[in-house]
Amino acid sequence: MATSPPFPTCPPSPGNGVLRHPHWWQRRWVRYGALSSLLALSGLVILALVRRQTGTEGFLVGLGLAVLPVPWLIAAFRWLDRVEPGPWRNLVFSFAWGACAAALIAIVANSFATKWIATSTADPASADTLGATVIAPIVEESAKAAAVLLVFLFRRRDFTGIVDGVVIAGVTATGFAFTENILYLGTAFGTDQLTGDRGIASVTAATFFVRIVMSPFAHPLFTVLTGIGFGIAALSAERQHVRRVLVPVCGLLLAMGMHALWNGSSTFGEYGFFAVYGAFMVPAFALLTWLAIWTRQRELRTVRAELPAYVLAGWLGPAEPLALGSMRARRMARDYARHHHGRPAAREVARYEACATSLAFLRHRGRQGKAGADFVVRERELLDELWRRRSLARPALEYASRAAMPVPVYWGPAPHGYPAMPYPGYPAYNPYRS
């Protein structure tokens, strides 16, 4: 049985091994502080702009209605990310960027461009149409893609594949749609206040039906195309520079094109909106949903295929690869730990599951020649995390494997390069052995 090919080691530190202290602008707290201040300032400005356009009462009504689809969308993306859940801080950043920074960029840029076109052409109606079908898709999708790009560049360890791209892009677009829905619903409510319309015949009800009931997934659907492009780039080898640039750009262009088609549907005649909705939006939504779920199942297969090497090396128990490759068994393991040891133990088991999954993905990338220079260091970090939590996680996973998948485990000879195991589940030699 062949083993994995050799992996690159960590490059030597510059300056003949002399450690250099980072500049003040390179410190983590400085970067986090600057980013938080930027998002907070953007939030205050966008709040003032939306409230100015809708009025206080319209803003509150819009806020109450716009928040309705947000928990469902976030829960859907979080469910998709359960195989290797990313940290909450990435999701919080993505949502805040979409709701504050991207929305502010879109409002300012769209308004400026539309006014400039109207002034240049002396045709406000054409300017509004051109702004909605051309300017808005370019500006809005670029602003949302910036969040995906930032996570891709600065949180690279958390961005390892297509699912990560889909989740980050979807949550960013959910935040953007949240702010945009406040503006549209609040403006519609203000219109109804002036005209006296009420109930189902009101502009507010029509806006709510179109934006919240029929198409809450519209903005996430567009931006997910960008996220898929970045996810494919994350799966590419570091030497494939052209692919790592072109694929995200193609995803962004597809997002802009679908967004333009959606915005321009109202110009296609009386039933243009419904035609685009039925012929393009629903099939695209179904296709991308299938792709995301298929990718999630492939990730579980990767876990089951890659972790047995660590079982034979003694880092994992014999039943753990099958248990970690099943979402049902994972949930049962957490429930077992919670029932016997409390919620902190369940969180430790969840962390163990996430580290084991990351380890499987890391090994998979290494076998394909796509691992970075920090492969050895990252593998050791993940193994250390697993070894510290083994006393709680191993019994829970063994219970879950017996309860969920009562399949006997057969032991064969260890592959070349791994130590022989005198007893399943314990290494013959391990520096971390207690």
Side-chain angles (χ1 to χ4, degrees), residues 39-74 92 94-115 118 124-125 127-129 131-133 135-137 139-141 143-144 147 170-223 259 262-266 273 277 281:
L39 292 176
L41 180 61
S42 300
L44 291 175
V45 174
I46 197 70
L47 174 65
L49 290 175
V50 173
R51 182 179 172 277
R52 178 182 178 184
Q53 186 162 340
T54 62
T56 301
E57 191 174 0
F59 173 80
L60 295 176
V61 170
L63 176 63
L65 296 176
V67 78
L68 293 178
V70 172
W72 301 99
L73 291 170
I74 297 295
V92 172
S94 301
F95 186 87
W97 181 276
C100 300
L104 178 61
I105 293 171
I107 287 181
V108 173
N110 289 342
S111 299
F112 174 80
T114 302
K115 289 180 180 178
D128 289 339
T129 302
T133 57
I135 304 300
V139 171
E140 294 175 9
E141 295 306 321
K144 289 181 287 183
V171 172
T172 303
T174 300
F176 182 89
F178 169 66
T179 300
E180 191 178 67
N181 286 337
I182 295 175
L183 178 61
Y184 278 94
L185 289 165
T187 303
F189 179 80
T191 301
D192 290 333
Q193 291 292 93
L194 294 176
T195 60
D197 292 336
R198 295 288 186 273
I200 246 177
S202 64
V203 179
T204 304
T207 305
F208 178 84
F209 179 76
V210 171
R211 299 190 66 87
I212 306 299
V213 177
M214 286 190 66
S215 57
F217 58 85
H219 272 289
L221 178 61
F222 308 145
T223 314
H259 195 158
W262 174 250
N263 283 4
S265 61
S266 59
F273 169 81
Y277 184 85
M281 296 294 290

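Just so you know, residue 1 is the first one in the sequence shown, and it goes up from there.
Considering only residues two or more places apart in sequence or on other chains, F189 meets the ring-ring contact (aromatic ring centres under 6.0 Å, His included) condition with none of them. In this structure A173 satisfies the side-chain contact (heavy atoms from CB on, under 4.5 Å) test together with K144, H219, P220, T223, sequence neighbours excluded. Taking the salt bridge (Lys or Arg N to Asp or Glu O under 4.0 Å) definition, one finds that R211 meets it with E180, sequence neighbours left out.
Atom NZ of residue K115 and atom CG of residue N110 lie 12.0 Å apart, to the nearest 0.5 angstrom. Rounding to the nearest 0.5 angstrom, the gap separating the OH atom in Y184 from the CD atom in Q53 is 9.5 Å. For the atom pair H259 NE2 and T133 OG1, the distance stands at 10.5 Å (nearest 0.5 Å). Atom CG in L47 sits 9.5 Å away from atom OG1 in T179 (nearest 0.5 Å). The OG1 atom of T207 sits 11.0 Å away from atom CG of L183, with the distance rounded to the nearest 0.5 Å. From T174, atom OG1 reaches atom CG of L73 across 4.5 Å, with rounding to the nearest 0.5 Å.
Side chain of W97 to backbone of F176: no donor-acceptor contact under 3.5 angstrom is found. The backbone N or O of A127 lies less than 3.5 Å from no partner atom in the side chain of T114, so there is not a single donor-acceptor pair. One N or O on the side chain of D192 and one on the backbone of T204 form a donor-acceptor pair closer than 3.5 Å.
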(request) Given side-chain contact (heavy atoms from CB on, under 4.5 Å), test F222 with M281 step by step and report yes or no. (result) CA-CA 10 Å; F222 308 145; M281 296 294 290; 3.8 Å; yes
(request) Let me see the working for F178 and L63 under side-chain contact (heavy atoms from CB on, under 4.5 Å), right down to the final yes or no. (result) CA-CA 8 Å; F178 169 66; L63 176 63; 3.5 Å; yes
(request) Carefully, step by step, assess T54 and I182 under the rule side-chain contact (heavy atoms from CB on, under 4.5 Å). (result) CA-CA 9 Å; T54 62; I182 295 175; 5.8 Å; no
(request) Before giving the answer on side-chain contact (heavy atoms from CB on, under 4.5 Å), spell out for I74 and F95 the whole-Å C-alpha distance, their side-chain angles and the decisive distance to 0.1 Å. (result) CA-CA 9 Å; I74 297 295; F95 186 87; 4.2 Å; yes
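In terms of heavy atoms, P137 sits closest to G131 at CD-O, 4.4 Å. Listed here is the closest heavy atom pair of I46 and G43: CG2-O, 3.1 Å. The two atoms that bring I200 and A205 nearest to each other are O-CB, 3.8 Å, heavy atoms only. Nearest heavy atoms, V139 versus A106: CG1-CA, 3.8 Å.
By the 4.5 Å heavy-atom criterion applied to side chains, W262 and L221 are not counted as neighbours. Proximity of L185 to I212: side-chain heavy atoms (C-beta onward) are separated by under 4.5 Å at one or more points. Under the 4.5 Å side-chain criterion, counting only non-hydrogen atoms from C-beta, P216 is not in contact with W72.
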